[in-house]
Protein chains: 2
Amino acid sequence: MFDGIRQYYQELIPKLSDEEWLQLENRLVIESYPKGSLICREGENCKGVYYIHKGLARLYYTVDGREICTGFAKEGEYLSEYDSFLTQSPASQSMDVLEDTIAINLPYEKMQDLYRNYPIFNQAGRKIAEGLFILISRYNTRLLTLSPEDRYQYIIDNQYHLIQRVPQYMLASFIGISPEHLSRIRKKMIR
Amino acid sequence: MFDGIRQYYQELIPKLSDEEWLQLENRLVIESYPKGSLICREGENCKGVYYIHKGLARLYYTVDGREICTGFAKEGEYLSEYDSFLTQSPASQSMDVLEDTIAINLPYEKMQDLYRNYPIFNQAGRKIAEGLFILISRYNTRLLTLSPEDRYQYIIDNQYHLIQRVPQYMLASFIGISPEHLSRIRKKMIR
DNA sequence: CTTTTCCATTAACATATATCAAGAAGCCAA
DNA sequence: TTGGCTTCTTGATATATGTTAATGGAAAAG
């Protein structure tokens with residue numbers, strides 16, 4: 001169950017000891033979410049960082065009753081409303097799951113606890129934050145520098161699993177356009 | 001000269017010792033940039049993280065010969081093309097200075113060196129990365145959830161120094177619209 | 001001081017993209 | 001199998017925002 005996470009952390013901290021791993025493992029919480037359920041609701045404090053063991057989760061804003069997706073995580077990937085998690089303040093995004101999902105949660109207090117008692121985890125925390133920064137930074141770059149068509153092409157080339165598992169209207173908001181416009185772009189690209 | 005930086009790090013690492021601070025200070029490089037000059041050019045590897053001692057620096061993309069600003073840093077603030085810095089790969093943004101600027105640079109190799117020999121700096125590195133994540137994440141939130149007018153209002157309310165020190169056409173790109181459109185928005189807001 | 005360059009404003013016009021509305025297609029549930 | 005959701009597509013129309021171009025003022029340069 002925890003193999004994926006252990007491997008992940010061992011890449012972040014090559015010299016992670018068995019004892020330290022055990023301390024981490026003891027703090028992990030396995031959670032199960034049926035398709036469509038919320039992991040975190042906008043306005044509430046995000047409770048943890050979630051490793052997706054099985055399934056598919058999504059992060060999104062709700063604006064004027066409309067959803068704007070900003071991220072997805074499938075098996076082996078992490079997801080969190082990280083701003084809310086770090087500051088323990090109300091989330092501006094919600095997280096839900098698009099399929100039945102099993103997530104492994106590292107709750108906020110447990111993580112702070114680890115940082116205090118096992119400082120080596122600061123190294124993991126640093127690399128995780130750096131990784132998340134790079135992720136959002138590149139997402140930003142694509143939104144600001146590519147055309148809608150090129151942003152869709154990017155998903156085809158680099159995140160093809162999203163095309164297969166995520167409804168098209170969610171992908172549309174992910175690349176910053178309306179569902180109808182994406183439909184037209186697809187039509188044009190087929191020719 | 002280094003007072004601001006020292007204070008900054010001591011907030012990140014409350015138990016930073018004099019010895020550790022000295023190790024950091026020895027690795028800092030003071031650099032001087034005349035108005036308009038580049039700190040980092042798109043396509044090159046970003047060499048460091050820059051603390052602005054005096055002056056004003058800017059981060060921006062160049063798309064079809066046009067500039068899109070994504071960040072500014074004044075005295076007491078940090079700036080870097082952090083993706084490029086972390087991965088030591090070509091930058092997708094440039095950094096230049098809008099006024100004569102003195103920056104204090106922590107170069108990449110020196111920073112890695114610190115992480116290796118003084119692991120406590122991982123804690124600072126973690127908090128810096130977390131802070132940068134929050135910064136870009138909220139910038140993203142504003143771009144995705146606010147109208148252009150509200151985005152401009154946000155700058156008035158929260159970053160008024162930018163209104164005073166940054167040309168309006170740069171602010172326009174910062175909030176994601178054309179200079180002409182910002183001019184119209186301002187006119188409408190005055191009424 | 002001049003002269004030049006940069007920048008903000010304004011107006012007319014162009015266009016990408018959104019919105020609205022209807023129908024078709026796929027999928028799930030009973 | 002049937003009926004009802006959900007999602008995708010398509011067309012007509014609307015609109016926010018961009019583009020082009022001209023003007024005037026302010027700031028910088030000489």
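Residue numbers begin at 1 in each chain, while the letters A, B, ... track the order of the sequences. This structure is a prediction, so every number in the text was calculated from the model and none was measured.
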Rounded to 10 degrees, the angle between the two terminal axes of the helix from C/dC1-D/dG30 to C/dA30-D/dT1, each from five pairs: 50°

Stacked cation flag A/Arg58 on A/Tyr60, 6.0 angstrom / 45 deg: yes

Protein-to-nucleotide contact annotation, 5' to 3' order, nucleotides 19-30 of chain C [B base; S sugar-phosphate only; - none; under 4.0 Å, heavy atom]: BB----------

Counterpart residues, side-chain hydrogen bond (donor to acceptor under 3.5 Å, both in side chains), relative to B/Ser37 (two or more places apart): none

Please list, one pair per line, the donor and acceptor atoms closer than 3.5 Å that link side chains of residues 140-155 of chain A to other protein atoms, with sequence neighbours excluded.
{"from": "A/Thr141", "atom 1": "OG1", "to": "A/Ser137", "atom 2": "O", "distance (Å)": "2.9"}
{"from": "A/Thr141", "atom 1": "OG1", "to": "B/Tyr61", "atom 2": "OH", "distance (Å)": "2.5"}
{"from": "A/Arg142", "atom 1": "NH1", "to": "A/Tyr154", "atom 2": "OH", "distance (Å)": "3.4"}
{"from": "A/Thr145", "atom 1": "OG1", "to": "A/Thr141", "atom 2": "O", "distance (Å)": "2.7"}
{"from": "A/Ser147", "atom 1": "OG", "to": "A/Asp150", "atom 2": "N", "distance (Å)": "3.1"}
{"from": "A/Ser147", "atom 1": "OG", "to": "A/Asp150", "atom 2": "OD2", "distance (Å)": "3.4"}
{"from": "A/Glu149", "atom 1": "OE1", "to": "A/Lys188", "atom 2": "NZ", "distance (Å)": "3.3"}
{"from": "A/Arg151", "atom 1": "NE", "to": "A/Ile175", "atom 2": "O", "distance (Å)": "2.7"}
{"from": "A/Arg151", "atom 1": "NH1", "to": "A/Leu146", "atom 2": "O", "distance (Å)": "2.7"}
{"from": "A/Arg151", "atom 1": "NH2", "to": "A/Ile175", "atom 2": "O", "distance (Å)": "2.8"}
{"from": "A/Tyr152", "atom 1": "OH", "to": "A/Arg186", "atom 2": "NH1", "distance (Å)": "3.2"}
{"from": "A/Gln153", "atom 1": "NE2", "to": "A/Asp157", "atom 2": "OD1", "distance (Å)": "3.0"}

Members of residues 139-157 of chain B that approach DNA chain C, where some heavy atom sits under 4.0 Å away: none

Members of residues 166-176 of chain A that approach DNA chain D, where some heavy atom sits under 4.0 Å away: A/Pro167, A/Gln168, A/Tyr169

Which pairs of donor and acceptor atoms, one on a side chain in residues 45-55 of chain A, lie under 3.5 Å apart (sequence neighbours left out)?
{"from": "A/Asn45", "atom 1": "ND2", "to": "A/Gln88", "atom 2": "O", "distance (Å)": "3.1"}

B/Asp96 and B/Lys35 ion-paired at < 4.0 Å: no

Pair A/Phe174-A/Tyr169, ring-ring contact (aromatic ring centres under 6.0 Å, His included): steps then yes or no: CA-CA 9 Å; A/Phe174 185 56; A/Tyr169 73 92; over 10 Å; no

Side-chain N or O of B/Arg186 closer than 4.0 Å to phosphate OP1/OP2 of C/dT9: yes

B/Gln7: partners by side chain to side chain contact (heavy atoms under 4.5 Å, CB included), with sequence neighbours left out: B/Glu11

In a table with atom names and distances, give each donor-acceptor pair under 3.5 Å that connects a side chain of residues 124-134 of chain A to protein atoms at least two apart or in another chain.
{"from": "A/Arg126", "atom 1": "NE", "to": "B/Asn122", "atom 2": "OD1", "distance (Å)": "2.7"}
{"from": "A/Arg126", "atom 1": "NH1", "to": "A/Glu130", "atom 2": "OE1", "distance (Å)": "3.4"}
{"from": "A/Arg126", "atom 1": "NH1", "to": "A/Glu130", "atom 2": "OE2", "distance (Å)": "3.1"}
{"from": "A/Arg126", "atom 1": "NH2", "to": "B/Asn122", "atom 2": "OD1", "distance (Å)": "3.1"}
{"from": "A/Lys127", "atom 1": "NZ", "to": "A/Leu12", "atom 2": "O", "distance (Å)": "3.1"}

Sugar-phosphate, base or nothing in reach of A/Ile177, heavy atoms under 4.0 Å: sugar-phosphate

With A/Arg165 via side chain to side chain contact (heavy atoms under 4.5 Å, CB included) - residues at least two apart: A/Leu56, A/Lys74, A/Glu75, A/Glu99

Donor-acceptor pair between B/Gln23 and B/Arg27 side chains, under 3.5 angstrom: yes

Contacts of B/Glu31 that satisfy salt bridge (charged side-chain N to carboxylate O under 4.0 Å, His left out) - sequence neighbours left out: none

Interatomic distance where NZ belongs to B/Lys188 and C1' belongs to C/dT9 [whole Å]: 16 Å

Parallel, tilted or perpendicular: ring planes of A/Phe85 versus A/Tyr82, cut at 30 and 60 degrees: parallel

Contacts of type ring pair (Phe, Tyr, Trp, His ring centres under 6.0 Å), residue A/Tyr9, not counting sequence neighbours: none

